[in-house]
There are 2 protein chains.
Amino acid sequence: MSERVLPRAERRRRTEGRILDAARALFAEVGYERATIRAVAKSAEVDPALVMQYFGNKQELFRAAVRATPAPEAAATPEELVEHLLGTLDVKMGELPRGSLAMMRSMLTHPEAGTAAREALARQVDRLAASIPGEDARLRAALMTTILLGVTVGHQLLELPELRDAPPERIARLLRPSLRALTGPDSAG
Amino acid sequence: MSERVLPRAERRRRTEGRILDAARALFAEVGYERATIRAVAKSAEVDPALVMQYFGNKQELFRAAVRATPAPEAAATPEELVEHLLGTLDVKMGELPRGSLAMMRSMLTHPEAGTAAREALARQVDRLAASIPGEDARLRAALMTTILLGVTVGHQLLELPELRDAPPERIARLLRPSLRALTGPDSAG
DNA sequence: GTCTATAAAGAGATAGAC
DNA sequence: GTCTATCTCTTTATAGAC
């Protein structure tokens with residue numbers, strides 16, 4: 001019960017945290033298939049069997065690593081909406097929520113990651129569509145969502161040099177009119 | 001030498017074609033890692049060893065399956081450029097070149113597919129930038145490219161319902177202003 | 001030339017020692 | 001509770017029979 005010795009539960013919690021951090025980083029870097037339990041354990045400096053002990057299997061480890069979707073926020077006007085999206089992008093340009101990159105890396109090849117990605121995108125489409133007027137609000141919202149998806153994929157996952165080297169504010173400034181064009185029902189000319 | 005018997009070379013060519021078609025379909029569906037030689041062979045109705053005999057290894061089979069990048073075309077004015085891109089999208093909406101989907105499915109998780117994707121996107125950025133005036137032409141071109149990438153990924157690979165259910169012309173009509181906004185140096189307001 | 005049989009390697013998962 | 005050792009499965013790739 002000495003103060004200098006961590007309680008068992010606390011010690012375990014920290015070890016779990018190290019494993020999850022390592023898992024997130026590796027899943028984000030190489031995707032679900034190529035990330036091995038052994039490599040995660042090595043990176044977290046624990047025994048591979050401990051990872052299994054804590055999480056049961058690889059699938060559960062992945063699930064735990066990509067958990068915690070950021071809470072959606074509402075926006076009143078289309079203008080606010082666009083600024084909110086560009087702010088999200090700004091965040092994305094720097095350090096995206098750590099689990100999100102892990103999920104995105106595997107979304108095209110791992111069934112569960114694909115489902116999670118579709119659900120997350122659907123939530124964003126719902127949210128956007130609620131703030132956009134017009135009959136085709138959902139389609140517009142889906143296009144805004146996929147535009148941001150494409151920019152994020154190109155920047156964070158494919159690391160296209162033009163996007164990597166540009167300041168986030170400059171990207172946001174260039175992208176603003178493209179998103180604005182999708183917020184109004186009559187902006188398609 | 002009878003007319004009714006195919007020459008050996010022709011017979012082999014057709015078998016190779018069946019294998020490549022099966023490989024393209026499977027790679028496009030589940031990605032490089034989950035696509036097995038055995039499954040490709042079964043789908044093409046040949047022996048797995050024959051696939052190895054013809055292509056050497058899995059990597060070479062993938063390379064052969066995703067080969068044949070469509071020839072780039074030039075565009076004179078920014079307006080023509082946007083229409084050309086939307087036309088490409090139209091094609092993408094229907095039946096994308098068969099190898100392209102296979103490459104895109106694995107571009108985030110398979111190193112060689114990632115390299116191929118980066119090269120293909122870089123070519124498109126080069127081509128677009130050459131038709132856009134202004135100092136930040138390359139960044140604008142990269143954003144136009146990633147916008148189309150995002151829409152294609154969302155539609156073809158993630159199969160978002162809003163995009164799947166919308167007529168291609170409607171998508172093109174909504175997307176046009178967003179792309180137009182990126183063609184001019186002063187359109188960012 | 002085509003296929004059977006198998007080698008070789010890697011990974012997830014488990015049992016049991018300490 | 002933690003780790004050693006191993007099992008089992010899957011897959012690529014090869015060697016050699018027919």
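Residue numbers start from 1 in every chain, and the chains themselves are labelled A, B, ... in the order their sequence lines are given, proteins ahead of strands. Here the structure is a predicted model, which means the values were calculated and not measured.
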Are OP1 or OP2 of dG1(D) and a side-chain N or O of Tyr54(A) less than 4.0 angstrom apart?
-> no
Atom pair distance, as rounded to whole Å: [atom1] in [X] and [atom2] in [N]:
X        : N       : atom1 : atom2 : answer
Ile37(B) : dT14(D) : CD1   : P     : 11 Å
Gln53(B) : dC18(D) : CD    : P     : 18 Å
Lys58(A) : dT10(D) : NZ    : P     : 15 Å
Leu50(A) : dG12(C) : CG    : P     : 16 Å
Lys42(A) : dA11(C) : NZ    : P     : 12 Å
Asp47(B) : dA5(C)  : CG    : P     : 12 Å
Asn57(B) : dT11(D) : CG    : P     : 17 Å
Met52(A) : dA13(C) : CE    : C1'   : 5 Å

What is the nucleic acid contact for Phe55(A), judged by heavy atoms within less than 4.0 Å: base, sugar-phosphate only, or nothing?
-> nothing
With sugar-phosphate meaning primed atoms plus P, OP1 and OP2, does Ala39(B) contact a base, only sugar-phosphate, or nothing at under 4.0 Å between heavy atoms?
-> nothing
Of the listed nucleotides dA11(C), dT2(C), dC3(D), the one nearest the side chain of Thr36(A) | dA11(C)
Can any side-chain N or O of Thr15(A) pair as donor or acceptor with the backbone N or O of Arg11(A) at less than 3.5 Å?
-> yes
Charged N to carboxylate O below 4.0 Å: is that the case for Arg13(A) and Glu10(A)?
-> yes
Please state whether the base of dG12(C) and the side chain of Arg38(A) form at least one donor-acceptor pair under 3.5 Å?
-> yes
Would Leu108(B) end up clustered with Leu26(B) when hydrophobic side chains under 4.5 Å apart are linked, directly or stepwise?
-> yes
Identify whether Leu182(B) and Ile171(A) are in the same connected component of the hydrophobic contact network (ILVMFWY, side-chain heavy atoms under 4.5 Å).
-> yes
